[in-house]
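These numbers come from a predicted model, not from an experiment.
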Amino acid sequence: MVGEAMVKAEDLNLCFGMLMMATAGKSNEGEKMEGVVITEWKDIPMELLLRIVSLVDDRTAIIASGVCSGWRDAIGLGLTHLCLSWCKKNMNNLVLSLSPKFTKLQTLILRQENPQLEDDAVEKIAKFCHDLQDLDLSKSFKLSDHSLYALAHGCPNLTKLNISGCTAFSDEALEYLTNFRQKLKILNLCGCVKAATDRALQAIGRNCGLLQSLNLGWCDNVGDVGVMSLAYGCPDLRSLDLCGCVRITDDSVIALATRCPHLRSLGLYYCRNITDRAMYSLAQSRVKNKPAMWQPMKGRYDEEGLKSLNISQCTALTPSAVQAVCDTFPALHTCSGRHSLVMSGCLNLTSVHCACAVQAHRTVSYIPHPAH
């Protein structure tokens, strides 16, 4: 807690002396900066203070903001990134205290190992931190729908939201949030089993057309209706994790292959309803989305298409279909150290190899043996 770490003037003077020794290296008479002589911590210009604060850890920055009203105002206006994950106790009170002071925050990380945050803290954030773009509330098990309602009416510039593990949120509240926070580009709903439903995904597809990354890992209420709504409503989708979404079928993958030409990463771990039909649709999408003849830049072409595919435990797939995907997307690798095509638990797919793995095997095979 900040109150337990009050800084004494003599401590600041000692730290100041060490700072001046480190920066000046020689003089004990103070450091001259643009005609100003700095002899103690109170003389530090606000511009230099903010520069120093940007180099120290967040705990130190918070302590410095409690030194005097001038430092509080300067740091409050200058601090844009803050992580409180180090706070193991009383994080909720700390957020309640800091939110009205640090109103220019753009990134706020509140990930917890033990649940501390409550709705009143999120409501405070929404009320004061209007510049916030990136908010991490992961593992906040105590939060309820009130937090999502608060974010819907505050933080108008929110583009990245992590609420993974927040199991109490409902799909109704998530739908309400997307009605107002339509600038979202990155959304992590991993483990949000009540919030991530087809109803919520339909709302995301309807409202969040700028979405680029979505994590739906282990959201077992997600089905084809929801994923297809995403595919049709979020054409710029680049990363989608559907690991553990056991209800989805080939229809979801076909919609993604058809409607999301920028898709680079797809997680289908344990989606056992996925068959060869889905794999061939991915391979065919490469041909359909190939750059036009007047844009024959090989570098650009290589950047397009899947770069990561996880089909572990998708036991219905056959080698020919998966090999077709691997051959179609050069960035998918099965070779050692580059596993971007993950097939764990699929014993029938051991014959699938990327081009460089095959080439390496051929190189080894053709090494001439020394004459005896």
Salt bridge (charged side-chain N to carboxylate O under 4.0 Å, His left out) evaluation trace for Asp119 with Lys124: CA-CA 9 Å; Asp119 291 324; Lys124 207 83 166 181; over 6 Å; no
Audit row: Ile62, Leu82, side chain to side chain contact (heavy atoms under 4.5 Å, CB included) steps and yes/no: CA-CA 9 Å; Ile62 293 171; Leu82 184 64; 4.2 Å; yes
Val322/Leu341 under side chain to side chain contact (heavy atoms under 4.5 Å, CB included): CA gap, chis, key distance, verdict: CA-CA 10 Å; Val322 178; Leu341 175 56; 4.2 Å; yes
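Across every non-hydrogen atom of Glu118 and Asn92, the tightest pair is N-OD1, 2.6 Å. The nearest pair of heavy atoms linking Cys190 to Trp218 is SG-CD1, 4.4 Å. The two residues Cys335 and Cys354 come nearest to each other via the heavy atoms N-SG, 3.7 Å. Nearest heavy-atom pair across Ala316 and Ile274 is CB-O, 3.6 Å. Taking both residues in full, the closest heavy atoms of Val222 and Cys245 are given as CB-SG, 4.2 Å, listed atom of the first, atom of the second, then distance. In plain terms, the two heavy atoms of Ile75 and Ala61 that are nearest each other are CD1-O, 3.9 Å.
Ion pairing between a basic and an acidic side chain is recognised when a charged N comes within 4.0 Å of a carboxylate O; Arg206 and Glu175 show such pairing. Using a cut-off of 4.0 Å between Lys/Arg side-chain N and Asp/Glu carboxylate O, Asp120 and Lys127 are scored as not salt-bridged.
Residue Leu55 places its CG atom among more than 12 non-hydrogen atoms of other residues, nucleotides or ligands, all under 6.0 Å distant. Residue Gln182 qualifies as enclosed at atom CD: its count of foreign heavy atoms under 6.0 Å is above 12.
Here the straight-line distance linking atom CG of Leu282 with atom CG of Leu306 works out to 6.0 Å at 0.5 Å rounding. Taking OG from Ser138 and CZ from Arg111, the interatomic distance works out to 4.0 Å, rounded to the nearest 0.5 Å. How far CG of Leu230 is from OG of Ser252: 9.0 Å, rounded to the nearest 0.5 Å. The distance from the CE atom of Met279 to the CG atom of Leu317 is 5.0 Å, given to the nearest 0.5 Å. Summarising the geometry, atom CG belonging to Asp57 is positioned 8.0 Å from atom CD1 belonging to Ile63; distances are rounded to the nearest 0.5 Å. One finds the OG1 atom of Thr107 at 9.5 Å from the CG atom of Leu135 (value rounded to the nearest 0.5 Å).
Lys194 places none of its side-chain heavy atoms less than 4.5 Å from the side chain of Thr167. A 4.5 Å side-chain heavy-atom check between Leu174 and Asp145 finds every atom pair outside the cut-off. Between Asp131 and Thr103 the shortest side-chain heavy-atom distance does not fall below 4.5 Å. A heavy-atom distance below 4.5 Å is found between the side chains of Val225 and Gln202. Between Met46 and Trp71, some side-chain heavy-atom pair lies under the 4.5 Å cut-off. Counting heavy atoms from C-beta outward, Met228 and Thr258 have side chains that stay 4.5 Å or more apart. Looking only at side-chain heavy atoms (C-beta outward), Asn310 and Leu266 stay at 4.5 Å or farther from each other. A heavy-atom distance below 4.5 Å is not found between the side chains of Asn273 and Asp250.
Between the side chains of Thr197 and Asn221, no donor-acceptor pair of N or O atoms lies under 3.5 Å. Side-chain atoms of Thr178 and Asn207 include a donor-acceptor pair closer than 3.5 Å. With no hydrogens or angles considered, a side-chain donor-acceptor pair links Lys183 and Asn157 at under 3.5 Å.
In terms of hydrophobic clustering, with Ile, Leu, Val, Met, Phe, Trp and Tyr side chains grouped at heavy-atom distances under 4.5 Å, Leu263 and Leu184 are assigned to a common cluster. Under a hydrophobic-cluster definition in which Ile, Leu, Val, Met, Phe, Trp and Tyr are linked whenever side-chain heavy atoms come within less than 4.5 Å, directly or via other members, Leu256 and Tyr280 are assigned to different clusters. Placement of Leu151 and Leu143 within a single hydrophobic cluster is found when ILVMFWY residues are connected by side-chain heavy-atom separations under 4.5 Å, directly or transitively. If you chain together hydrophobic residues whose side chains sit under 4.5 Å apart, Met343 and Tyr269 never meet in one group. Hydrophobic cluster membership is shared by Phe102 and Leu84, with clusters built from Ile, Leu, Val, Met, Phe, Trp and Tyr side chains linked at under 4.5 angstrom.
When each of Asp220, Asp224, Leu216 is checked for a side chain to side chain contact (heavy atoms under 4.5 Å, CB included) with Ile248, only Asp224 meets the rule. Put simply, the residue from Ile186, Leu189, Leu177, Leu132 that forms a side chain to side chain contact (heavy atoms under 4.5 Å, CB included) with Leu161 is Leu177. Exactly one residue among Leu187, Leu158, Thr159 makes a side chain to side chain contact (heavy atoms under 4.5 Å, CB included) with Arg181. That residue is Leu158.
Ring geometry, Phe180 versus Tyr176: the interplanar angle falls from 30° to 60°, so the pair is classed tilted.
Annotation: cation-pi pair Arg272/Tyr270 present, NZ/CZ under 6.0 Å from the ring centroid and within 45° of its normal.
Residues meeting the side-chain contact (heavy atoms from CB on, under 4.5 Å) test with Cys166, sequence neighbours left out: Ser140, Ile163, Phe169.
Asp276 contributes a side-chain N or O that, together with a main-chain N or O of Thr318, makes up a donor-acceptor pair within less than 3.5 Å.
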